[in-house]
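Below is one structure, written out as structure tokens; comments come after it.
Just so you know, residue 1 is the first one in the sequence shown, and it goes up from there.
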Amino acid sequence: MSLENKMIRNGVVVSNKADKTVVVVVERKFQHPLYNRTVKNSKKYMAHDETNACNIGDQVKIVESRPLSKNKRWVVLEIIQKSGE
């Protein structure tokens with residue numbers, strides 16, 4: 001898989017109940033344009049996990065891919081940190 005122009009996100013697995021699918025929450029911080037306060041924004045992505053290796057709490061790196069199902073457009077690239085470590 002070529003990663004030249006693909007978006008990569010880091011996030012935390014919040015659900016692994018579906019087969020070969022995990023839900024990953026990606027949180028980003030940015031400064032509000034008017035109030036200059038730091039704002040946290042989070043978004044959930046459904047990602048394909050071929051080996052069912054991810055558990056809840058794992059930090060993962062996901063990369064965009066072709067549509068795999070109705071809501072799945074991301075694939076787990078690697079597990080950065082397991083939840084128990």
Side-chain angles (χ1 to χ4, degrees):
M1 175 173 26
S2 175
L3 300 177
E4 288 177 15
N5 298 323
K6 308 247 181 188
M7 286 188 288
I8 297 175
R9 302 273 189 259
N10 292 335
V12 179
V13 176
V14 293
S15 174
N16 63 350
K17 295 198 180 296
D19 187 33
K20 296 186 179 182
T21 303
V22 292
V23 179
V24 179
V25 169
V26 175
E27 195 172 82
R28 69 185 189 99
K29 292 180 182 178
F30 61 95
Q31 197 165 24
H32 193 279
L34 178 62
Y35 302 118
N36 294 325
R37 299 281 296 214
T38 301
V39 181
K40 280 198 288 190
N41 191 2
S42 61
K43 183 168 182 184
K44 289 182 180 180
Y45 295 98
M46 293 184 80
H48 184 68
D49 178 21
E50 182 65 38
T51 58
N52 286 325
C54 296
N55 291 317
I56 295 173
D58 292 353
Q59 288 186 349
V60 295
K61 188 177 285 189
I62 58 175
V63 62
E64 69 174 343
S65 69
R66 64 182 177 84
L68 298 167
S69 70
K70 179 181 174 184
N71 297 320
K72 238 190 331 187
R73 274 103 175 102
W74 296 81
V75 175
V76 175
L77 189 61
E78 65 174 318
I79 300 173
I80 299 170
Q81 185 178 11
K82 295 295 262 181
S83 60
E85 296 176 3

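- Taking the side-chain contact (heavy atoms from CB on, under 4.5 Å) definition, one finds that T38 meets it with K29, sequence neighbours left out.
- Residues passing the salt bridge (charged side-chain N to carboxylate O under 4.0 Å, His left out) test with K82 are D58, sequence neighbours excluded.
- Residue pairs meeting the ring pair (Phe, Tyr, Trp, His ring centres under 6.0 Å) criterion with at least one member in residues 48-67: none, sequence neighbours excluded.
- Residue pairs that meet the salt bridge (Lys or Arg N to Asp or Glu O under 4.0 Å) test with at least one member in residues 32-49, sequence neighbours left out, do not exist here.
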Under 3.5 Å, which donor-acceptor pairs link side chains of residues 13-21 to any protein atom two or more places apart or in another chain?
from	atom 1	to	atom 2	distance (Å)
N16	ND2	C54	O	3.1
D19	OD1	N52	ND2	3.1
K20	NZ	E50	OE2	3.1
T21	OG1	D19	O	3.4
T21	OG1	K72	NZ	2.9

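- Here the closest non-hydrogen pair linking G11 and V26 is CA-CG2, 4.2 Å.
- When all heavy atoms of S83 and G57 are compared, the closest pair comes out as CB-C, 3.6 Å.
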Show your working on side chain to side chain contact (heavy atoms under 4.5 Å, CB included) between V24 and V60 and close with a plain yes or no. CA-CA 8 Å; V24 179; V60 295; 3.9 Å; yes
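- Annotation: ring-ring contact (aromatic ring centres under 6.0 Å, His included) contacts of F30 (sequence neighbours excluded): none.
- Residues satisfying the side-chain contact (heavy atoms from CB on, under 4.5 Å) criterion with N10, sequence neighbours excluded, are K61, I80.
- The cluster map of Ile, Leu, Val, Met, Phe, Trp and Tyr, joined by side-chain heavy atoms under 4.5 Å apart, puts V23 and I56 in different clusters.
- Clustering of Ile, Leu, Val, Met, Phe, Trp and Tyr side chains at separations under 4.5 Å places Y35 together with L34.
- For Q31, there are no side chain to side chain donor-acceptor pair (under 3.5 Å) partners at least two apart in sequence or on another chain.
- Under a hydrophobic clustering in which Ile, Leu, Val, Met, Phe, Trp and Tyr are joined whenever their side-chain heavy atoms come within less than 4.5 Å, directly or via other members, M7 and I62 fall into the same cluster.
- Residue pairs that meet the ring pair (Phe, Tyr, Trp, His ring centres under 6.0 Å) test with at least one member in residues 66-85, sequence neighbours left out, are Y45-W74.
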